A.B. asks: 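Sharing a structure with you now.
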Number of protein chains: 2
Amino acid sequence: MNYSQQRNCILNIVVSNPIHPTAEQVYEIARRSYPNISLGTVYRNLNQLSEHGILKKICSSYGSVRFDGRTDPHFHMVCTHCGKVFDVELEELLSIKEKLSDMYGFDVINYEVSIQGICKECKNTEIA
Amino acid sequence: MNYSQQRNCILNIVVSNPIHPTAEQVYEIARRSYPNISLGTVYRNLNQLSEHGILKKICSSYGSVRFDGRTDPHFHMVCTHCGKVFDVELEELLSIKEKLSDMYGFDVINYEVSIQGICKECKNTEIA
DNA sequence: GAAATAAACGATAATCTTTATTAAATTAGT
DNA sequence: ACTAATTTAATAAAGATTATCGTTTATTTC
C-alpha cells in the first residue's frame with residue numbers, strides 16, 4: 001500500500017516535521033510540492049497511514065486531531081499558551097497494557113497521555 | 001455563576017449519569033425536563049462548567065468530546081467495539097505533575113489518559 | 001417588592017473539521 | 001502498451017461546535 005507520490009509526500013511531511021501537524025498544516029506544506037493536492041487526499045492518507053500504524057493520531061480536548069511520525073511509546077504535552085506540542089517520556093506508563101489487562105480484563109490497542117499546561121518558554125516570557 | 005435552571009439540570013445530568021455523555025446525549029436527556037432547551041445552551045454550559053473545573057472534558061481520537069462529572073484524578077478506557085467509556089485508576093500516574101515540572105519545566109494544568117481497546121464484555125461476546 | 005442591570009436562554013446561522021461521492025488520472029501487473 | 005485496480009482532485013455533504021441576537025430570566029439596588 002505504498003504507492004502514489006502524494007501519499008509519500010504526506011508521510012514525509014509528518015515524519016520530517018516533528019511539530020505534530022494537523023491535517024490542515026500537512027495540507028499547506030504538501031501544496032508546495034503538489035499545488036492542487038486536495039484536502040480530502042490529505043485526510044484519507046493520514047487516516048490510512050494511521051490505521052497501518054505508520055503514523056499515530058493524537059487528540060487533545062481542544063482543536064483538531066494531530067499526527068505524529070514517531071510511533072514508539074511516548075506522550076504529549078500541549079502548551080495552552082503557544083499551542084505547541086512537546087514529546088514526553090514517562091517510563092512508569094510503559095507497563096500500562098499488562099496492568100489494564102490484569103485489573104480490568106481490557107485488551108489495550110492504543111493509549112495516549114495528553115497533558116495540558118504552560119511550557120517553559122511561555123512561563124519565562126510571561127514573567128518578563 | 002450557578003444560577004439558571006437549565007445549567008443545574010445539565011450539571012445534574014452529567015454528575016448522575018456516569019456514562020461520560022456527549023453534548024448531544026446531555027441534550028437528549030435535558031429535553032425531558034426542558035423540551036425547548038437549545039443545543040447551544042447545552043454546549044455553552046458544559047464548556048463553562050468545564051472551565052470552572054466543575055466538570056471535565058474528555059477527548060478520544062474518534063467521535064465527539066465527552067463530559068465527566070467525576071473530577072478527582074482518574075482516567076478513561078474507550079472500548080472501540082461498543083463505544084462505552086470506563087473509569088480507570090492508575091496510582092502511578094498521580095505524581096505526573098511534579099515529574100513533568102521537574103523534567104521539562106512544564107506547569108501542568110490538566111492531564112488526561114485515554115486508552116483504546118476491547119472491553120471484557122465485548123471480548124466475551126466475540127468469542128461466543 | 002418593583003425597577004434597573006446583568007446574565008442566560010432559544011432559535012438559528014455560521015464555522016470548522018472531517019468524511020463521502022464521482023469522474024478523471026495514475027499505478028501495477030501482464 | 002493494455003487492462004484492472006487504486007488514487008486523485010473537486011466538490012458536496014455530514015457532523016460537531018461556536019457565534020449572533022432579540023427575548024427571557026435571574027440578580028442587585030433601592
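Below, chains carry the letters A, B, ... as their sequence lines are ordered, and counting in each starts from 1. Just so we're clear, the structure is a prediction, and the values are computed from it rather than from any experiment.
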A.B. asks: Quick one: do B/Arg70 and B/Glu89 make a salt bridge, cutoff under 4.0 Å?
C.D. replies: yes

A.B. asks: Of the nucleotides C/dA8, C/dA28, C/dT19, which has the atom closest to the A/Tyr3 side chain?
C.D. replies: C/dA28

A.B. asks: Using whole Å, what does the distance between atom P of nucleotide D/dA16 and atom CD of B/Gln25 come to?
C.D. replies: 11 Å

A.B. asks: Would you indicate what B/Gln5 reaches in the nucleic acid, counting non-hydrogen atoms under 4.0 angstrom: base, sugar-phosphate, or nothing?
C.D. replies: sugar-phosphate

A.B. asks: Please round to the nearest 0.5 Å and tell me the distance separating atom NZ of A/Lys56 and atom CG of A/Asp72.
C.D. replies: 8.5 Å

A.B. asks: Report the distance from atom CD of B/Gln48 to atom P of D/dT17, rounded to the nearest whole Å.
C.D. replies: 16 Å

A.B. asks: For the side chain of B/Arg7, counting heavy atoms from C-beta on, which of C/dA8, C/dT19, C/dT18 is nearest?
C.D. replies: C/dA8

A.B. asks: Rounded to the nearest angstrom, tell me the gap between atom OH in B/Tyr43 and atom P in D/dT18.
C.D. replies: 7 Å

A.B. asks: Just the rounded figure in Å: distance from P of D/dA16 to NZ of B/Lys57.
C.D. replies: 15 Å

A.B. asks: Any donor-acceptor pair, under 3.5 Å, between the side chain of A/Ser38 and the base of D/dA10, if you only look at N and O atoms?
C.D. replies: yes

A.B. asks: Consider side chain to side chain contact (heavy atoms under 4.5 Å, CB included). Of B/Asn47, B/Leu49, B/Ile13, which one does B/Phe67 pass it with?
C.D. replies: B/Asn47

A.B. asks: Checking B/Asn17 side chain against B/Ile19 main chain: does a donor-acceptor pair fall under 3.5 Å?
C.D. replies: no

A.B. asks: Return the value, rounded to whole Å, for the distance between atom CZ of B/Arg44 and atom C1' of C/dC9.
C.D. replies: 6 Å

A.B. asks: Start at the 5' end of DNA chain D and walk down; is the nucleotide closest to A/Asn45 or to A/Leu39 reached first?
C.D. replies: A/Asn45

A.B. asks: Between D/dT17 atom C1' and B/Leu46 atom CG, what is the distance in whole Å?
C.D. replies: 12 Å

A.B. asks: Short question: side chain of B/Glu112, backbone of B/Cys59 - any donor-acceptor pair under 3.5 Å?
C.D. replies: yes

A.B. asks: Let's see if you get this right: which residues in residues 26-37 of chain A place a heavy atom under 4.0 Å from DNA chain D?
C.D. replies: A/Asn36, A/Ile37

A.B. asks: Donor-acceptor check, side chain of A/Ser50 to backbone of A/Leu46, threshold 3.5 angstrom: yes or no?
C.D. replies: yes

A.B. asks: If you find the nucleotide of DNA chain C closest to B/Gly40 and the one closest to B/Gln6, which residue's nucleotide is nearer the 5' end?
C.D. replies: B/Gln6

A.B. asks: Are any of the side-chain heavy atoms of A/Val85 and A/Asp68 separated by less than 4.5 Å?
C.D. replies: no

